[in-house]
Amino acid sequence: DSAWFLDRYSVRAAIGIPIRSDSRDYGSLVGYVDHPKRFDDDDVRFALTVAGVIAIATDGLHARSKAIATADRLTEVLASIVEHFVHIDRQWKIKFVNVTVESLFSRPAEELLGEPIENWFPSFMQVEHRQRYEDAMHRSISSKFEFRSLLNDHWYEARVRPTPEGIAVYFLDITSR
C-alpha cells in the first residue's frame, strides 16, 4: 500500500517509467511533485532517458559480474590441470600459470607473470624447439614434442596451441616413461 508515501510526501502528481532492457525488467523510475502538475513531453522524454541510462548501466554491471564469474571458473579449471600450463602473450611474456608451475619453481604465480618466458623455460630458447613456439604464435600451427629440461633434467611432453592472445603450452613430465 503506497498511500502512506503519498500522504507523507504530499504527492499531488507523479510519473512512472519502467526500467527495462531487452532481456530484463529492473523496476520503475518514479518522479513526483507536491503540487498538481501535468507532465509534458519533455518531462516524459527526460524520464525515459534516465530510465534507459539506468537500464544500460545495470545491464553492464550484470555483464561484468557474469564475466568475472566466468573468468573465475576458467581460472579454477586451468589451475586444476595436472600438466604444467603456461599462457604466453604475443610479446613472449607469461600471462598465466597454473598451480603445478608454481610448485615446479617454488614461486607464486605473481613472480612469474609478466616475465619473459625464456627466463623460466629454457626450452623456448633451444633452436630445435623455438620454431614450434613461433609456428603456434605466428602461423596458428599446433605441435607436440618431447624435450629434456635444462632446469631439472626431466623429460617433458610439450603441447603448444595457438590462442587469440598468444599461445598455450602444456608440459607433462614423462621422465618415468
Side-chain angles (χ1 to χ4, degrees), residues 18-27 29 49-177:
I19 299 173
R20 67 170 58 116
S21 67
D22 293 337
S23 61
R24 188 176 251 179
D25 288 334
Y26 294 110
L29 172 69
T49 300
V50 171
V53 169
I54 292 170
I56 290 168
T58 305
D59 277 350
L61 289 172
H62 284 285
R64 182 174 164 83
S65 294
K66 286 173 80 173
I68 290 169
T70 300
D72 289 345
R73 281 193 305 278
L74 179 59
T75 298
E76 288 174 15
V77 168
L78 292 174
S80 71
I81 295 172
V82 295
E83 298 166 297
H84 304 306
F85 174 77
V86 181
H87 188 261
I88 301 145
D89 69 13
R90 298 204 174 274
Q91 287 72 46
W92 300 99
K93 304 267 174 112
I94 299 171
K95 296 311 275 182
F96 180 87
V97 297
N98 68 350
V99 293
T100 66
V101 173
E102 289 181 331
S103 65
L104 177 68
F105 291 110
S106 300
R107 300 217 189 284
E110 294 77 31
E111 288 186 28
L112 302 172
L113 300 181
E115 288 289 314
I117 191 65
E118 64 270 8
N119 289 2
W120 294 97
F121 294 90
S123 70
F124 278 82
M125 298 309 294
Q126 294 173 327
V127 175
E128 65 270 25
H129 304 304
R130 180 67 185 206
Q131 189 60 49
R132 294 173 186 261
Y133 299 114
E134 297 271 353
D135 285 346
M137 183 73 77
H138 301 298
R139 293 185 260 314
S140 296
I141 300 171
S142 297
S143 66
K144 177 178 159 184
F145 59 95
E146 295 178 2
F147 69 94
R148 186 171 165 185
S149 172
L150 302 174
L151 295 175
N152 61 9
D153 207 34
H154 286 215
W155 281 92
Y156 290 91
E157 175 185 276
R159 288 180 291 129
V160 184
R161 305 265 188 265
T163 70
E165 299 83 21
I167 58 175
V169 184
Y170 303 83
F171 297 99
L172 180 63
D173 189 333
I174 59 169
T175 306
S176 62
R177 287 188 196 171

Roughly how far apart are [X] [atom1] and [Y] [atom2], rounded to 0.5 Å?
| X | Y | atom1 | atom2 | result |
| --- | --- | --- | --- | --- |
| F96 | H87 | CZ | NE2 | 10.0 Å |
| I54 | D59 | CD1 | CG | 12.0 Å |
| I88 | I94 | CD1 | CD1 | 7.0 Å |
| Y156 | D173 | OH | CG | 4.5 Å |
| E118 | K93 | CD | NZ | 9.0 Å |

Is the closest side-chain heavy-atom distance between [X] and [Y] below 4.5 Å?
| X | Y | answer |
| --- | --- | --- |
| I167 | W92 | yes |
| V169 | F124 | yes |
| N152 | L104 | yes |
| V86 | F171 | yes |
| V101 | L112 | yes |
| R177 | L172 | yes |
| E165 | D89 | no |
| R132 | F147 | no |

For residues [X] and [Y], report the shortest heavy-atom separation together with the two atoms involved.
| X | Y | value |
| --- | --- | --- |
| A136 | P162 | O-CB, 3.3 Å |
| A55 | S21 | CB-N, 4.4 Å |
| P18 | A51 | O-CB, 3.8 Å |
| R24 | Y26 | CD-CE2, 3.1 Å |
| Q126 | R148 | NE2-O, 4.0 Å |
| T163 | R90 | O-NH2, 3.5 Å |

Open item on the list: Donor-acceptor check, side chain of T100 to backbone of E83, threshold 3.5 angstrom: yes or no?
Closed with: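 Yes.
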Task: Qualifying residues under side chain to side chain donor-acceptor pair (under 3.5 Å), relative to E102, sequence neighbours excluded - done: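 For E102, no residue satisfies side chain to side chain donor-acceptor pair (under 3.5 Å) once neighbours in sequence are set aside.
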TODO: Identify, with sequence neighbours excluded, every residue that meets ring-ring contact (aromatic ring centres under 6.0 Å, His included) alongside F105.
DONE: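 Only W120, F121 meet the ring-ring contact (aromatic ring centres under 6.0 Å, His included) criterion with F105.
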Task: Ionic contact status for D135 with R139, cut-off 4.0 Å - done: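 Result for this pair is yes, salt bridge flagged.
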